[in-house]
Chemist: 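Below is the structure I would like to discuss, written out as C-alpha cells.
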Amino acid sequence: MAVAVVLVLVALGSVVFHMLSPWWWTPIASNWGFIDNTILITFWITGAVFVAVVLFTAYCIYTFRHREGLRADYEPENQKLETWLGLGTALGVAAMLTPGLVVWYQFVTVPEGAAEIEVVGQQWSWAYRFPGPDGKLGTTDVRYIGPDNPLGLNPSDPNGSDDVIVDGGDLHLPRGGPIKVLLRSTDVLHDFYVPEFRAKMDMIPGTVTYFWLTPTRDGTFDILCAEYCGVGHANMRGTVVVEDAAKQKAWLSQQKSFAELSARGRTAAR
Amino acid sequence: MVDVTARTIETAVPPAEVPDVELYHPKSWLTTWVFSQDAKIIAIQYSMTALTIGLVALVASWLIRLQLAFPNTFSFMDAATYYQAVTVHGMIMVIYLLTAVFLGGFGNYLIPLMIGARDMVFPYVNMLSYWIYLAAVLVLVASFFAPGGPTGAGWTLYPPQAILEGTPGYSAGIILMLASLILFIIGFTMGGLNYVVTVLQGRTRGMTLMRMPLTVWGIFTATVIALLAFPALFVGAVMMLLDRALGTSFFMPAIIQAGEHLKYNGGSPILFQHLFWFFGHPEVYIVALPAFGMVSDLISTHARKNIFGYRMMVWAIISIAVLSFVVWAHHMYVSGMYPAFGFFFATTTLIIAVPTALKVYNWVLTLWRGDIHLTVPMLFAIAFIVTFVNGGLTGLFLGNVVVDVPLSDTMFVVAHFHMVMGVAPILVVFGAIYHWYPKITGRMLNEVMGQVHFWITFLGAYAIFFPMHYLGLLGVPRRYFEIGQTSFVPPSAETLNIFITVVALVVGIAQLVFVFNLFWSLKKGRESGPNPWRATSLEWQTPETPPGHGNWGKELPVVYRWAYDYSVPGAEQDFIPQNEPPSALNGARAAGH
Amino acid sequence: MTVAETSHPTVPLARPSGLRGAAADWASDQRAFKTASWGKAMMWIFLLSDTFIFSCFLLSYMTVRMSTTVPWPNPSEVFALNFGGTDVPLILIAIMTFVLISSSGTMAMAVNYGYRRDRKMTTILIVLTAFFGATFVGMQAFEWTKLIMEGVRPWGNPWGAPQFGSTFFMITGFHGTHVTIGVLFLLNIARKVWRGDFDEERHGFFTARRGSYDNVEVMGLYWHFVDLVWVFIFAFFYLW
Amino acid sequence: MHTEHAAAIHAPAAHETGGHDEGQQHPIKLYLVVWGWLFVLSTFSYLVDFFGIQGMMRWTLIIVFMMLKAGLIVAIFMHMAWERLALIYAILLPPGAVLFFVATMTVESTYTVGDRIEYFGPTPVTEVTINTSHH
Ligand code: HEA
Ligand code: HEA
Ligand code: CUA
Ligand SMILES: [Cu+2]
C-alpha cells in the first residue's frame with residue numbers, strides 16, 4: 001500500500017520537479033537549437049514511458065497485493081502482447097533516433113566556406129589561432145614548440161607566418177557566420193566546451209579534431225574544459241566573446257601574427 | 001501458448017553423479033574455512049571482501065560529495081585528493097565491488113545450487129580465483145599508501161594524462177592500479193571459466209538451459225561477456241604499463257609538458273579509449289545482467305507468479321550480451337573519433353533499448369495478476385524497476401549521438417550511470433542478500449531493520465541522483481573539483497548540491513543498519529527453515545540448510561520443470577519445486593503432456 | 001518447441017547431426033558440449049578468451065602502425081641473417097616457424113598415442129614437443145639479443161617508428177611466455193604419462209578429479225593454440 | 001559428413017569428469033599429412049617475402065596461406081572437425097566481435113593518419129632536436 005503511494009509520488013514528483021526546476025539549460029547562443037529540440041523530443045517520449053511504467057507498477061502493487069485466499073494467475077507468456085510491446089518500443093526509439101541522426105549529419109558536415117579557427121589546449125589554459133590574410137592555417141608540430149613559438153607552428157610553412165596567435169587572452173568570434181573550430185592539444189586530452197554553444201569536442205594530442213557552429217547571440221561566455229586533464233582540470237577556464245563581425249575584425253587586427261611574435265622572440269633572444 | 005511445464009522427464013534415470021571420491025574434501029580447519037575449494041565458502045569470501053572494499057568506495061563518495069557541496073571548507077581536501085577519491089570510488093564500485101560480488105559472490109553460491117551440481121567443475125582453480133582477487137584488492141589498497149597516493153586519473157584511466165605529471169599518483173599509484181587490474185582479470189578468468197563450464201557441462205538431469213532460473217542465465221551470460229571483454233582491458237593495461245614503466249609510445253604522441261619535450265612520439269591516445277570501452281561497455285552489462293536475472297527471480301517468487309515471458313527474457317539477455325560488443329563507441333561521441341561512427345553506434349545503442357524494454361515490461365507484467373507479498377526483497381526489486389527505468393531512459397538521451405554532445409562529460413552522465421548502475425543493481429544486491437541470506441545462514445534477516453534500510457536507501461538514492469540530471473543539463477561538467485564562478489550556474493545550484501550531499505550522507509549512514517543486521521541476524525535472526533519463501537528453484541530444496549558438503553546429500557536432484565511453477569492451477573500449493581516428480585502432483589496440470 | 005532431451009551417461013544416444021544437432025545439444029540437459037569433457041570445454045573457452053587477448057594486441061599493433069606518419073622499419077631486412085656475405089631475409093623467423101609447426105605435429109601425435117594408451121610413444125612425443133618448444137624460445141632469445149644489440153629498444157630503434165620495437169617485444173614476449181608456460185606443463189604431463197597416472201586414473205595433485213588421457217588432449221589444445229597464434233604473428237608482424 | 005564420423009568414434013563419455021578414453025583416434029598418417037602441408041604453406045608464405053611480392057598480391061597471398069594454416073591446425077590438430085556443431089559455433093562465432101573491432105580500428109587509424117598528414121605535414125620533423133633529458 002505505502003509502496004504504491006510512494007511510487008505514484010515518485011512518478012508525479014519527478015514530473016513536477018521537471019516542470020518547476022530552475023536548473024534548466026543555459027540560453028542558447030548558437031545554431032544548435034536543433035540539438036535542444038532533439039532533447040525535448042526525447043524528454044517527452046521518455047517522460048511518458050517513465051510515468052506510464054511507474055504508475056502501472058503502482059497500480060499492480062495496489063490491486064494485486066497479497067490478501068488471504070488470493071491466488072496469482074498462471075500465465076507463462078503472451079507472444080502477441082510481447083510483439084506489440086516490442087513494436088511500440090521500436091517505434092518510440094525510432095522517433096528519437098531519426099531526428100538525432102539527421103542533426104548529427106548536420107553536426108559533422110561543415111558548411112562550405114566556414115571560417116577556420118584553431119583552439120589549442122594545454123595544461124591548463126587555452127590559446128587560439130586565426131588564419132591571417134591568406135585565410136589558411138599553417139601546419140604545426142608539437143616539436144616546434146619553444147619560447148617564441150608557443151603553438152608549434154611550422155617555421156618553414158608559408159601559410160603559417162601570417163597566422164594570428166592569441167595566447168592568454170579572450171577569444172572573440174564574429175556573430176552570424178559558420179565557423180569551423182579546429183581543436184588541438186599539446187599535452188593531454190582536453191575538451192573545448194561552451195555551454196551556450198551546446199557543441200563540444202575533445203582535443204587529442206597528436207591529432208586534430210573539429211566541430212562547427214554559427215554563433216547567433218552577442219555575449220560573453222565561459223569556456224570550460226570538459227575532458228579530465230589532471231589536477232587543474234576545473235581551473236582550465238577561458239572566455240569567449242561573440243560580437244558582430246566588424247568589431248571582431250577590429251579586435252583581430254590588434255593581435256600579433258606568428259611572424260611578428262617570432263621576430264620579437266628572436267630579438268629578445270639576442 | 002506454449003506449455004512450458006510440459007517439458008518433463010518420463011522415467012527417472014539415475015542422475016549423473018560426481019563420485020564421492022572426486023568431491024573436494026577439506027581436511028582441516030584451514031582448508032574448510034580459509035583455503036576452501038567449496039564454492040559456497042569461496043562465495044562468502046568473495047562477497048565479504050567485495051562489500052568491505054565497497055565500504056571504502058562509499059566513504060570516498062562522501063569525500064566527493066562534501067567537496068562538491070562545501071568547496072573551500074575542508075583542509076583535508078585539495079584537487080589532487082578529490083580526483084584520487086573520484087578514481088578510487090569509481091573503480092572500486094564498478095570492478096572490485098559489483099563485478100566481484102555478482103560473479104564471484106552470487107555466482108559461486110548460486111550456480112552450483114541452482115543447476116543441481118555438487119560444486120564448480122574445477123574447485124581448485126576456483127579457489128585460486130578468490131586468492132588472486134584478494135591480491136588484486138590488496139595491491140589496490142597498497143596504492144593508497146604509495147608515495148604520491150593512489151592514481152587520480154579517473155576510473156577510465158585515459159592516457160596521456162593518466163601517466164603524466166599533473167595527475168595525482170602518476171608515478172606509483174597508476175602502476176599499482178594497472179597491476180591490480182591485471183591481477184583482477186587473471187583471477188576473474190579462473191573463476192569465470194568455472195562458472196561458464198559449470199553451467200554448460202555440469203547441470204543435473206533434467207536441467208536444460210531453458211529450465212534454468214534467470215539468475216543463472218544472468219550470471220552465466222555476464223561471465224561469458226566478461227571473458228571476452230576483459231581481454232581488451234588487459235591489453236590496454238599492459239600497454240599503458242609499458243608506456244609508463246619503459247617509455248614506449250603506444251598511447252603517447254609527441255608531448256610538451258611544462259615547456260619540456262617528452263620522449264614519446266607517434267602513439268594513439270584514442271586507441272586506449274577504444275580498448276577501454278570495448279571492455280567498458282560490456283562491463284556495465286556485466287554488472288547489469290546478473291541484476292536482471294536475480295530481480296526476475298525475486299519478483300516471481302514474491303509475487304507468487306511465473307516470470308512473464310521466460311523465453312523472451314532469455315533471448316533478451318542473450319541479445320543484450322551480443323549487442324553490447326557493438327556499441328562501445330557511444331562513450332566516445334565527443335572523443336574526436338571518426339565522426340561517421342556516430343551514426344552506426346547511435347543506432348546500435350538505441351536498438352539495445354528494445355530487448356531491455358521488453359525485460360522491464362515482463363517484470364511489470366509479472367506483477368500483473370500476481371499475489372504480491374511486499375517482503376523486503378520484493379521492495380528492493382520494485383525499487384530496482386523504478387530506478388532502472390529512470391536510468392535507462394536517460395541512457396537514451398546519451399545514446400542518441402547528437403543529444404550526447406551537450407550532455408557528455410557533464411553531471412547528466414554521472415546521474416545516468418548512478419541511477420542505472422550505482423543504484424539499481426546495488427538495490428538488487430541488497431534484495432538478493434535479504435532473499436538468500438536464510439539459505440546461507442539458516443536465519444532470516446531482521447525485517448524492521450530491513451524496512452528502514454530499504455526506505456532510506458531507495459528514496460535517498462533517488463533524491464540524490466534524480467536532481468543531479470538537472471545540474472548536467474545546466475552544463476556543470478563532471479570531474480570538477482569546484483565549479484567556482486561561472487555565468488551559467490545559478491546560486492540555487494549550490495543549494496541543490498548541499499541537499500544532495502546531505503542525503504548522500506544519510507543514505508551512507510543507513511548502510512550501517514544493514515551491516516549491523518547482517519551480523520545481528522547471524523545469531524539472533526528468526527530461524528528460517530529450508531525454504532522460507534516457498535520458492536521453486538533447486539537451491540531451496542537442499543537436504544540441509546545451510547547446504548552441506550557436496551550440496552545434495554547422497555543423490556543429485558532430478559529436475560522435471562522450469563523454475564517458475566508458481567500458482568499452477570490445480571496444484572495444492574502455490575509453488576511446485578523444480579525437482580518434484582510429476583507423479584507426486586495429484587491432478588496438477590504440470591504433469592507432462 | 002524442442003523437448004528436453006536426456007542423455008544417458010552410459011548408453012550411447014544417437015544424436016542428430018548438423019544444425020539440428022546443435023539445437024538439440026543446446027536444448028538438452030546436463031551438457032551442451034556432448035563430446036567434450038569438463039577439462040576440454042574449459043580449455044576451449046579459455047582459448048577463446050585468450051584469442052581476444054592476442055587479437056587485441058595485434059589490432060593495437062595494427063592501429064599504432066597505421067596511425068603513425070613515421071616510416072615503419074622493414075621486418076624483412078631487420079630479421080635477415082647474414083650467411084656467407086648474403087642477407088637472407090626473415091630466415092630465422094622461418095626456421096622458428098618450422099620448429100613450432102613440428103612441435104605441433106609431435107603434439108598431435110602424442111594425443112593420438114595417448115588415446116591408444118601407448119605410454120612410451122606418448123611420453124617420447126610430448127618430450128619432443130617440449131624440446132621443440134624450448135628450442136623455439138631459445139631462438140627467440142637469440143633474436144631478442146640480436147635486435148637489442150642492434151639498438152632496438154621498446155622506446156625506439158635506429159630505423160623508424162618507435163612502436164616497432166614496442167610491439168615487437170610486447171607481442172613476441174607475450175607469445176614467448178605462453179610457449180614457456182606450455183613447455184613447463186608439457187614436462188609435467190609427460191611425467192604423469194610416464195608414471196602411468198592416467199592409466200590408474202590417479203588423482204591430480206591439486207584437484208580431486210581423476211586423471212585420464214583426456215588431459216593430454218587438453219594440453220594439446222593449448223599447445224596448438226600457441227602455434228596458431230604464431231601463424232598470425234608471422235603473417236601480420238613479419239610479413240606485413 | 002564428419003559428424004557421422006564423430007558419432008562413430010565417440011562412444012559417449014564413460015564418465016562425466018573423466019572424459020572419454022576412446023577419444024580422438026585417427027590414423028597417424030593424417031597428422032603427418034597435415035604436418036607436411038603446414039610446412040609447405042609456411043614455405044609459401046616465406047617465399048612471398050623472399051621474392052618481394054608487394055601490394056594487393058602480397059596481402060592476398062599472406063592472408064590465404066595464413067587462413068589455410070590456421071584452418072588446418074584448428075580443424076585437424078585441435079580436432080575441431082570432429083567436434084559437434086554446438087561447440088564449433090560457440091568457439092568460432094564470438095571472434096566476429098574482434099573482426100568488427102579490427103574493422104573499426106582500420107577506419108579510425110586511417111582517419112588519424114590522414115589528419116596527421118593534413119595538419120602536421122606529411123614528413124616528420126627531424127631537424128628539431130628532441131629533448132631527451134626527461135625520462
Ligand atoms: C549498469 C550499468 C549501465 C547500464 C545498464 C547502462 C545502460 C545504458 N547506457 Fe549507460 N553508462 C554506464 C552504465 C550503464 N549504462 C556508465 C557507468 C557510464 C559512464 C562511464 C563513464 O564515463 O565514467 C555510462 C555512460 C553512458 C553513455 C556515455 C555518455 C557520455 O559519456 O557521454 C551512453 C551513451 O550512449 C550511455 C547509454 C546507455 C544506454 C542507451 C543504455 C541502455 O542499455 C538503457 C536501456 C534501458 C531503457 C531504455 C529503460 C527501459 C525501457 C523502457 C521502459 C521502454 C522505453 C520505451 C521507449 C523508448 C519508447 N551510457
Ligand atoms: C556501482 C557503482 C557506484 C555506486 C554505488 C556509487 C555510489 C555513489 N556515488 Fe559514484 N561513481 C561511480 C560509481 C558508483 N557510485 C563511478 C563509476 C564514477 C565515475 C568516476 C570517475 O569519474 O572516474 C562515480 C562518480 C561519482 C561522482 C562524480 C564525481 C565527479 O565527477 O566529480 C559523484 C558525485 O556526487 C558520486 C557520488 C556517489 C554517491 C553519493 C554514492 C552513494 O553514496 C550513493 C548512495 C549509497 C548507496 C546507494 C549505497 C551503496 C552501497 C554500497 C556501496 C555497498 C557498501 C557495502 C556494504 C553496505 C556492506 N560518484
Ligand atoms: Cu583540460 Cu580538462
Ligand atoms: Cu555504454
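Below, read A as the first sequence line, B as the second, and so on, with proteins coming before strands; counting in each chain starts at 1.
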Chemist: What part of B:Leu367 gets closer than 4.5 Å to chain A, counting heavy atoms only: side chain, backbone, both or neither?
Modeler: both

Chemist: Which bit of B:Ala463 is near chain A, if near means a heavy-atom gap under 4.5 Å: side chain, backbone, both or neither?
Modeler: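 Contact with chain A: none, neither part.
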
Chemist: Give, as side chain, backbone, both or neither, the part of B:Asp78 having an atom under 4.5 angstrom from any heavy atom of chain A.
Modeler: neither

Chemist: Heavy-atom cut-off 4.5 Å, strictly under: side chain, backbone, both or neither for B:Tyr158 against chain A?
Modeler: side chain

Chemist: At a 4.5 Å cut-off on heavy atoms, which part of B:Pro477 comes close to chain A: side chain, backbone, both, or neither?
Modeler: side chain

Chemist: Checking B:Leu374 against chain A: side chain, backbone, both or neither under 4.5 Å from a heavy atom?
Modeler: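 Only the side chain of B:Leu374 comes within 4.5 Å of chain A.
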
Chemist: Which atoms of B:Ser268 are under 4.5 Å from chain A, going by heavy atoms: the side chain, the backbone, both sets, or neither?
Modeler: neither

Chemist: Would you name the heavy atoms of A:Glu82 and B:Gly309 that are closest together and state the gap between them?
Modeler: OE2-CA, 3.7 Å

Chemist: Under 4.5 Å, counting heavy-atom pairs only, tell me which of A:Leu183, A:Leu224, A:Val208, A:Ile45 racks up the most with chain B.
Modeler: A:Leu224

Chemist: Considering only heavy atoms, which portion of A:Thr46 lies under 4.5 Å from any heavy atom of chain B: side chain, backbone, both, or neither?
Modeler: both

Chemist: Could you look at B:Phe466 and say if it's the side chain, the backbone, both or neither that has a heavy atom under 4.5 Å from chain A?
Modeler: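 It is the side chain, since no backbone atom gets that close.
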
Chemist: Can you pull out every side-chain hydrogen bond (donor to acceptor under 3.5 Å, both in side chains) where at least one residue sits in residues 14-23 of chain A? Sequence neighbours excluded, please.
Modeler: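 Sorted result for residues 14-23 of chain A: A:Ser14-B:Tyr462, A:His18-B:Tyr470, A:Trp23-B:Ser492.
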
Chemist: B:Pro490 versus chain A, heavy atoms under 4.5 Å apart: side chain, backbone, both or neither?
Modeler: side chain

Chemist: If you apply the rule ring pair (Phe, Tyr, Trp, His ring centres under 6.0 Å), what do you find for B:Phe308 with B:Trp363, and how did you get there?
Modeler: CA-CA 7 Å; B:Phe308 183 82; B:Trp363 291 321; over 10 Å; no

Chemist: Taking every non-hydrogen pair under 4.5 Å, which of B:Leu471, B:Leu365, B:Val360 racks up the most with chain A?
Modeler: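 The candidate making the most pairs under 4.5 Å is B:Leu365.
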
Chemist: Please verify the inter-ring angle class for B:Phe345 with B:Phe341; under 30° counts as parallel, over 60° as perpendicular, anything in between as tilted.
Modeler: perpendicular

Chemist: If I measure from the heavy atoms of chain A, does B:Asp574 come under 4.5 Å with its side chain, its backbone, both, or neither?
Modeler: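 Both parts, heavy atoms under 4.5 Å.
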
Chemist: Which heavy-atom pair separates B:Tyr170 from B:Leu164 by the least distance, and what is that distance?
Modeler: CB-O, 3.2 Å

Chemist: A:Ile204 versus chain B, heavy atoms under 4.5 Å apart: side chain, backbone, both or neither?
Modeler: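 For A:Ile204, the contact with chain B is made by the side chain alone.
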
Chemist: Think B:Arg478 forms a cation-pi with B:Tyr480, using NZ or CZ under 6.0 Å from the six-ring centre and within 45 degrees of its axis?
Modeler: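 No; the conditions do not both hold, so B:Arg478 does not lie above the ring face of B:Tyr480.
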
Chemist: Evaluate the ring planes of B:His469 and B:Phe412, with Trp represented by its six-membered ring, and classify them as parallel (under 30°), tilted (30 to 60°) or perpendicular (over 60°).
Modeler: perpendicular

Chemist: Identify the two heavy atoms, one from B:Leu398 and one from B:Asp404, that lie closest to each other, and give their separation to 0.1 Å.
Modeler: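 Here B:Leu398 and B:Asp404 meet closest at O-CB, 3.1 Å.
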
Chemist: Mind checking salt bridge (charged side-chain N to carboxylate O under 4.0 Å, His left out) for A:Asp73 and listing every partner two or more places apart, or none if nothing turns up?
Modeler: B:Arg369

Chemist: Sort A:Phe43 into side chain, backbone, both or neither according to what part of it lies under 4.5 angstrom from a heavy atom of chain B.
Modeler: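 Both parts, backbone and side chain.
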
Chemist: Of all the residues in residues 189-197 of chain A, which have a heavy atom that comes within less than 4.5 Å of a heavy atom in chain B?
Modeler: A:Leu189, A:Asp191, A:Tyr193, A:Pro195, A:Glu196

Chemist: Side chain, backbone, both or neither: which part of B:Phe458 has a non-hydrogen atom closer than 4.5 Å to chain A?
Modeler: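 Only the side chain of B:Phe458 comes within 4.5 Å of chain A.
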
Chemist: Ring centres of A:Phe107 and A:Trp212 under 6.0 Å apart?
Modeler: no

Chemist: Could you tell me whether A:Arg198 and A:Asp36 have a side-chain N and a carboxylate O separated by less than 4.0 Å?
Modeler: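 Judged by the 4.0 Å cut-off on N to carboxylate O distance, A:Arg198 and A:Asp36 do form a salt bridge.
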
Chemist: Is A:Val6 in contact with chain B via its backbone, its side chain, both, or neither, using a 4.5 Å heavy-atom distance?
Modeler: side chain

Chemist: Between B:Ile382 and chain A, which part of the residue has a heavy atom less than 4.5 Å away: side chain, backbone, both or neither?
Modeler: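 Contact with chain A involves the side chain of B:Ile382 alone.
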
Chemist: Give me the atom names and distance for the closest heavy-atom approach of A:Leu7 to A:Val54.
Modeler: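 It is O-CG1, 3.5 Å.
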
Chemist: Checking B:Leu358 against chain A: side chain, backbone, both or neither under 4.5 Å from a heavy atom?
Modeler: side chain

Chemist: With a 4.5 angstrom heavy-atom cut-off, is it the side chain or the backbone of B:Ile483 that approaches chain A, or both, or neither?
Modeler: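 Contact with chain A involves both backbone and side-chain atoms of B:Ile483.
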
Chemist: B:Tyr564: what forms a ring pair (Phe, Tyr, Trp, His ring centres under 6.0 Å) with it, not counting sequence neighbours?
Modeler: B:Tyr310, B:Trp562

Chemist: Side chain from CB out, backbone as N, CA, C, O: work out which of these in A:Trp32 comes under 4.5 Å of a heavy atom of chain B, or both, or neither.
Modeler: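 A:Trp32 has no heavy atom closer than 4.5 Å to chain B.
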
Chemist: Within the 4.5 Å heavy-atom criterion, are B:Ile255 and B:Pro253 side-chain neighbours or not?
Modeler: yes

Chemist: With a 4.5 angstrom heavy-atom cut-off, is it the side chain or the backbone of A:Val108 that approaches chain B, or both, or neither?
Modeler: side chain

